[in-house]
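Worksheet: one structure, shown below.
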Amino acid sequence: MRADLTLFLKGLAMGAANVIPGVSGGTIALITGIYERLIEAIRHFDLGTLRLLFRGDFGGAWRRVDGRWLAMVLAGVAVSVVTLARLFEFLLEWHERWTMAFFFGLILLSVLYVARGVTLWSASALASLAVGTAVAVGIALLAPATENANAGYVFLCGVVAISSMILPGLSGSFVLIIMGNYALVLGAISSFSLGVLLPLALGCAFGLVAFSHVLAWVFRRAPDQTLALMTGFVLGSLVVIWPWKEAVIATIERDGGEPPKEIITGYRWFLPDWGSTDTFVALALMLAGIGAIWLMERLAGQDREVAGP
């Protein structure tokens with residue numbers, strides 16, 4: 001029962017993290033010690049599981065996808081989307097700097113915890129760290145592409161966005177902005193446009209299963225290099241999460257009578273004002289974020305001890 005509650009809370013944190021630009025649920029999964037098992041569970045949504053379902057072996061299919069474990073994580077994500085995620089949306093609108101400060105502290109310490117999982121910092125691991133950091137920073141600095149409603153491109157957006165969501169350090173919503181179709185997807189959701197939603201959903205489904213196979217394969221072949229690469233992704237994401245910045249806003253006109261949509265196309269970064277009370281509140285929340293990740297790591301460590309070798 002305690003293990004189920006812990007999994008639920010980790011899912012809760014994963015769901016809330018996806019609301020924050022630059023933070024992904026994959027980051028939370030990685031630092032709370034459930035990432036590899038999550039990827040393995042997703043990877044087993046394949047033909048083998050379908051065959052078990054067609055044979056009527058529902059129990060076998062459930063065990064193959066690690067059903068009980070996965071259900072608790074996804075339940076936490078679902079509850080977060082309709083509760084905590086709404087709270088963070090409110091906080092981002094009215095107290096963005098303080099909210100980002102909390103998550104900056106959380107991600108800052110998580111870099112150390114993720115890096116600790118690398119057993120040997122070889123030259124290839126250090127190179128992977130550098131590449132991961134450069135990619136994450138590069139994505140943050142990219143200018144957004146123009147909107148493209150072509151079904152093939154929308155499918156590709158689904159593949160890339162869902163892959164980013166499960167990849168630590170990369171935000172699926174931010175990637176959609178870079179690919180130019182963030183406003184298009186929002187409009188399609190509000191108007192239930194199947195011409196956009198269907199290829200997007202197919203891309204997400206394909207990307208989720210296919211990318212989980214890729215991740216599982218590279219984890220087995222090069223665990224240190226893979227973890228170092230992900231450490232770089234998380235480290236590079238701090239550029240987007242830095243609290244003292246101004247968003248560069250663009251207004252996107254939408255078809256079908258939909259109102260214009262303002263989206264973030266980039267950021268202007270600056271240093272904090274040390275004479276402002278706001279700065280010290282942000283620093284206190286940054287320390288609270290550090291404390292939160294320390295607590296999550298402590299819980300993850302206790303769960304690993306209970307599970308045994």
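Computation of the quantities below employed the complete heavy-atom set of this structure, encompassing side-chain atoms and omitting hydrogens, waters and symmetry-equivalent molecules.
Between Thr231 atom OG1 and Arg116 atom CZ the span is 11.5 Å, to the nearest 0.5 Å. Residue Leu287 holds its CG atom at 14.0 Å from CH2 of Trp294, rounded to the nearest 0.5 Å. Going from atom CZ of Phe155 over to atom CG of Leu200 covers 10.0 Å, rounded to the nearest 0.5 Å. Separating the CG atom in Asp224 from the OG atom in Ser124 is a distance of 8.0 Å, to the nearest 0.5 Å. To the nearest 0.5 Å, atoms CD1 (Ile241) and CG (Leu108) are separated by 10.0 Å. In this structure, CZ on Arg97 lies 10.5 Å from CH2 on Trp242, to the nearest 0.5 angstrom.
Annotation: side chain of Met179 is in contact with side chain of Tyr153 (closest heavy-atom distance under 4.5 Å). Side-chain contact between Phe233 and Leu167: present, with at least one pair of heavy atoms (C-beta onward) separated by less than 4.5 Å. Between Leu50 and Asp46 the shortest side-chain heavy-atom distance does not fall below 4.5 Å. Side-chain contact between Phe58 and Leu52 is absent, with no heavy atoms from C-beta onward closer than 4.5 Å. Counting heavy atoms from C-beta on, the side chains of Trp269 and Val239 come closer than 4.5 Å. The shortest distance between side-chain heavy atoms of Cys157 and Leu176 falls below 4.5 Å. Looking at heavy atoms from C-beta onward, Phe45 lies in side-chain contact with Leu70 at the 4.5 angstrom threshold. Side-chain contact between Trp69 and Ile34 is present, with heavy atoms from C-beta onward closer than 4.5 Å.
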- prompt: How far apart are the C-alpha atoms of Asp278 and Trp98, what are their side-chain angles, what is the distance that settles it, and do they pass the side chain to side chain donor-acceptor pair (under 3.5 Å) test?
  reply: CA-CA 8 Å; Asp278 177 86; Trp98 292 354; 2.8 Å; yes
field: Met230 and Ser128: CA distance, side-chain angles, deciding distance, side-chain contact (heavy atoms from CB on, under 4.5 Å) verdict
entry: CA-CA 8 Å; Met230 291 183 175; Ser128 297; over 6 Å; no
task: Output, in order, the C-alpha distance, side-chain angles, deciding distance and verdict of side-chain contact (heavy atoms from CB on, under 4.5 Å) for Met286 and Phe103.
output: CA-CA 7 Å; Met286 201 176 288; Phe103 276 90; over 6 Å; no
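Val131 and Leu215 fall within the same hydrophobic cluster, defined by Ile, Leu, Val, Met, Phe, Trp and Tyr side-chain heavy atoms under 4.5 Å apart, directly or through other members. Leu74 and Trp62 sit in two unconnected hydrophobic clusters of ILVMFWY residues. Membership requires side-chain heavy atoms under 4.5 Å apart, directly or through other members. Placement of Leu235 and Phe104 within a single hydrophobic cluster is found when ILVMFWY residues are connected by side-chain heavy-atom separations under 4.5 Å, directly or transitively. Taken together through direct or relayed side-chain contacts under 4.5 Å among Ile, Leu, Val, Met, Phe, Trp and Tyr, Ile290 and Leu30 form part of one hydrophobic cluster. Leu229 and Leu120 fall into different hydrophobic clusters, defined by Ile, Leu, Val, Met, Phe, Trp and Tyr side-chain heavy atoms under 4.5 Å apart, directly or through other members.
Contacts of Arg43 classified as side-chain hydrogen bond (donor to acceptor under 3.5 Å, both in side chains), with partners at least two apart in sequence or in another chain: Glu40.
Residues Trp244 and Asp273 have side chains that never bring a donor and an acceptor to within less than 3.5 angstrom of each other.
Across Ala13 and Ile28, no two heavy atoms sit closer than the pair CB-CG2, 3.6 Å. Summarising the geometry of Val65 relative to His44, their closest heavy-atom pair is CG1-O, 3.6 Å, with the distance given to 0.1 Å. Summarising the geometry of Ser237 relative to Ala136, their closest heavy-atom pair is N-CB, 3.9 Å, with the distance given to 0.1 Å. Minimum heavy-atom separation, Ala282 to Ala101: O-CB, 3.3 Å. Closest of all the heavy-atom pairs between Ala292 and Phe102 is CB-CZ, 4.0 Å. Nearest approach of Ala61 to Leu53, heavy atoms of both residues: CB-CD2, 3.7 Å.
A side-chain contact (heavy atoms from CB on, under 4.5 Å) with Leu109 is found for one member of Val111, Leu106, Leu112 and no other, namely Leu112. Of the candidates Leu7, Leu12, Asp66, Leu7 is the only one forming a side-chain contact (heavy atoms from CB on, under 4.5 Å) with Val73.
Counting non-hydrogen atoms of neighbouring residues, nucleotides and ligands closer than 6.0 angstrom, the CZ atom of Phe54 reaches no more than 12 such neighbours. Phe206 CZ: 12 or fewer foreign heavy atoms inside a 6.0 Å radius.
Of the charged side-chain nitrogens involved, none lies within less than 4.0 Å of a carboxylate oxygen, so that Asp57 and Arg51 do not count as a salt-bridged pair.
For residues 198-223, there are no side chain to side chain donor-acceptor pair (under 3.5 Å) pairs, not counting sequence neighbours.
Looking only at distances, a side-chain donor or acceptor of Asn181 sits under 3.5 Å from a matching main-chain atom of Asn148.
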